[in-house]
Number of protein chains: 2
Amino acid sequence: MDTTQRTDQQRSADRRRRELLEAADRVVLRDGPQASMNAIAAEAGITKPILYRHFGDKSGLYAALAKRHTDALLDSLRAALDAPADRRERVEATLDTYLAAIEARPQVYRFLMHPTEGGHTADQGFDIGKHSMPLLRTMGEELATVIEERLDLGPGSQQLARVWGHGIVGMMHAAGDWWLGERPCSRAELVRSLADLLWGRLAAAGDKMGGPGF
Amino acid sequence: MDTTQRTDQQRSADRRRRELLEAADRVVLRDGPQASMNAIAAEAGITKPILYRHFGDKSGLYAALAKRHTDALLDSLRAALDAPADRRERVEATLDTYLAAIEARPQVYRFLMHPTEGGHTADQGFDIGKHSMPLLRTMGEELATVIEERLDLGPGSQQLARVWGHGIVGMMHAAGDWWLGERPCSRAELVRSLADLLWGRLAAAGDKMGGPGF
DNA sequence: CGTGCGTGTTACTAGCGGTAACCCTAGTTT
DNA sequence: AAACTAGGGTTACCGCTAGTAACACGCACG
């Protein structure tokens, strides 16, 4: 009953698991988020049931697969957030890091953001948004803690930081999604525009006509 | 060839169509976005093929069904955006309108936002984000035009307005999604926090320790 | 020798979106 | 009146998906 000892079988299983994840990665990179379990199993050179033995469930595979990219992206974002520069530069670097990531691997990004929601089984939870888009949630919480740690927001700072964390991440996400589809401008311009928005240019802008404006 | 004349058959077909949409509405309200064509047909008291005769396709039904709620929501948002008040109040009213809508009918909201992406057919387009989340896109464009019409943003105002439109809508969406799942505060607090974010409180906040801060 | 145990397969279930083929009734034409 | 046509409707199917039960091989250990 020595739980700490790693047997050969365990190590072999871990290696197998990694191989399967890499195969899944390739398929997702090729087919996008609709990658089927059949296709992944075929790419790995095996059949479905062993996939299910390793990951239990499609969402299990999804979770394991997502964790890799999510962790990598979060590390990059943390690095950008911790760079030795003033706040504006940090915000711009963070935005640029995220946008560069989704630009480099749109299929993976799409897989992480729109995980097809399971669907047919009886798990139709009414708990809205519970297991959807874990990456967005994670990034939101992460950003919230950074904001709360670093900024002096007065009373209610914790609530405020969380709202802002999720709000900013959502802004980044939606703008990135739209930008990736239409490519209306360069990445740098997008970053500047979003930073300007966060810097209150919306409130500071003048009205165009006589009325009070938007 | 009098195209304007509505025959009895046409009117009957339109009525039928409306009945089907109402049935679909009920099912979506009950089952969320996983509502199957079978379930909708059963609710309407008929079978699948006639559903397909009317809407061609699941995404056709989705589009028709979404248009109703989307139009209704967009009307509310436009009204909030056009209210006779200063800019801050309008922004808060718009945020509150959206949040009240998703709070009132989370299932419908979920259906509009996460339309299950089709999936199995060979339309696996690499055009990322093309047919996903039409409501978010529409709201983004709508807000962009309002911003561009009303605000004086100097050179490049059109690009800036579009980026902001999509960014703000995404912020609203993500924050709303998170809030709906966790309910960490009242709607009014959420609205105030988001408006504060848009008003540049992020840039204006002081650092907590010696460093340059976030 | 046999007895597990891990690894793999085949073959299946249940349900999905979508469709082809038929059926039946009402109205029109000859 | 008899025949023919036009829609609305159904049954029965296809191909696909996620997920699983049951069976088959290989290899260590008593």
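Lettering follows sequence order; numbering is per chain, from 1.
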Problem set entry | Donor on one side chain, acceptor on other, A:E148 and A:S157, under 3.5 Å | yes
Exercise. For the pair made of CD in B:E19 and C1' in D:dG8, what is the distance, rounded to whole Å?
Worked result: 13 Å
For this session: Answer yes or no: side-chain N or O of B:K58 and base N or O of C:dG18 forming a donor-acceptor pair under 3.5 Å.
Result: no
Seminar exercise, completed: note: A:H54, atom NE2; C:dG6, atom P; distance rounded to Å ~ 12 Å
Exercise. How many Å lie between CZ on B:F55 and P on C:dG17, as a whole number?
Worked result: 15 Å
Seminar exercise, completed: side chain to side chain contact (heavy atoms under 4.5 Å, CB included) filter on B:R187, not counting sequence neighbours, yields B:D96, B:L99, B:A100, B:E103, B:W179
Exercise. Which nucleotide, D:dG9, C:dA20, D:dA18, lies nearest any side-chain atom of B:I50?
Worked result: D:dG9
For this session: Ignoring the backbone of B:R16, work out which of C:dT10, D:dG19, D:dG9 is nearest its side chain.
Result: D:dG9
Problem set entry | C:dT9 phosphate, OP1 or OP2, under 4.0 Å from A:T47 side-chain N/O | yes
Problem set entry | Side chain of B:P49 (C-beta onward), nearest among D:dT10, D:dT20, C:dG17 | D:dT10
Problem set entry | For atom OH of A:Y52 and atom P of C:dC12, their distance in whole Å | 18 Å
For this session: Step through it carefully: locate the ring centre of A:F111, locate the ring centre of A:Y62, and say whether they are under 6.0 Å apart.
Result: yes
Exercise. Distance-only, no hydrogens or angles: does the B:R88 side chain make a donor-acceptor pair with backbone N or O of A:A203 under 3.5 Å?
Worked result: no
Exercise. Considering only side-chain heavy atoms of B:M37, which listed nucleotide, D:dT10, D:dA18, C:dG17, is closest?
Worked result: C:dG17
Exercise. What is the distance, rounded to the nearest whole Å, between atom CD of A:Q34 and atom C1' of C:dG17?
Worked result: 14 Å
Problem set entry | Closest to side chain of B:D57, choosing from D:dT10, C:dG18, C:dT9 | C:dG18
Exercise. Partners of A:A144 by side chain to side chain contact (heavy atoms under 4.5 Å, CB included), sequence neighbours excluded?
Worked result: A:R162
For this session: Can you tell me the distance, in whole Å, between the CZ atom of A:R15 and the P atom of C:dT7?
Result: 12 Å
For this session: Could you please name the option among C:dT10, D:dT17, D:dT10 that lies closest to any side-chain atom of A:N38?
Result: D:dT17
Exercise. If only side-chain N and O atoms of A:R53 are considered, is one of them under 4.0 Å from the OP1 or OP2 phosphate oxygen of C:dC5?
Worked result: no
For this session: Specify the separation, in whole Å, of atom CZ of B:R17 and atom C1' of D:dG8.
Result: 17 Å
Exercise. Whole Å only: how far is the NZ atom of A:K48 from the P atom of C:dC12?
Worked result: 13 Å
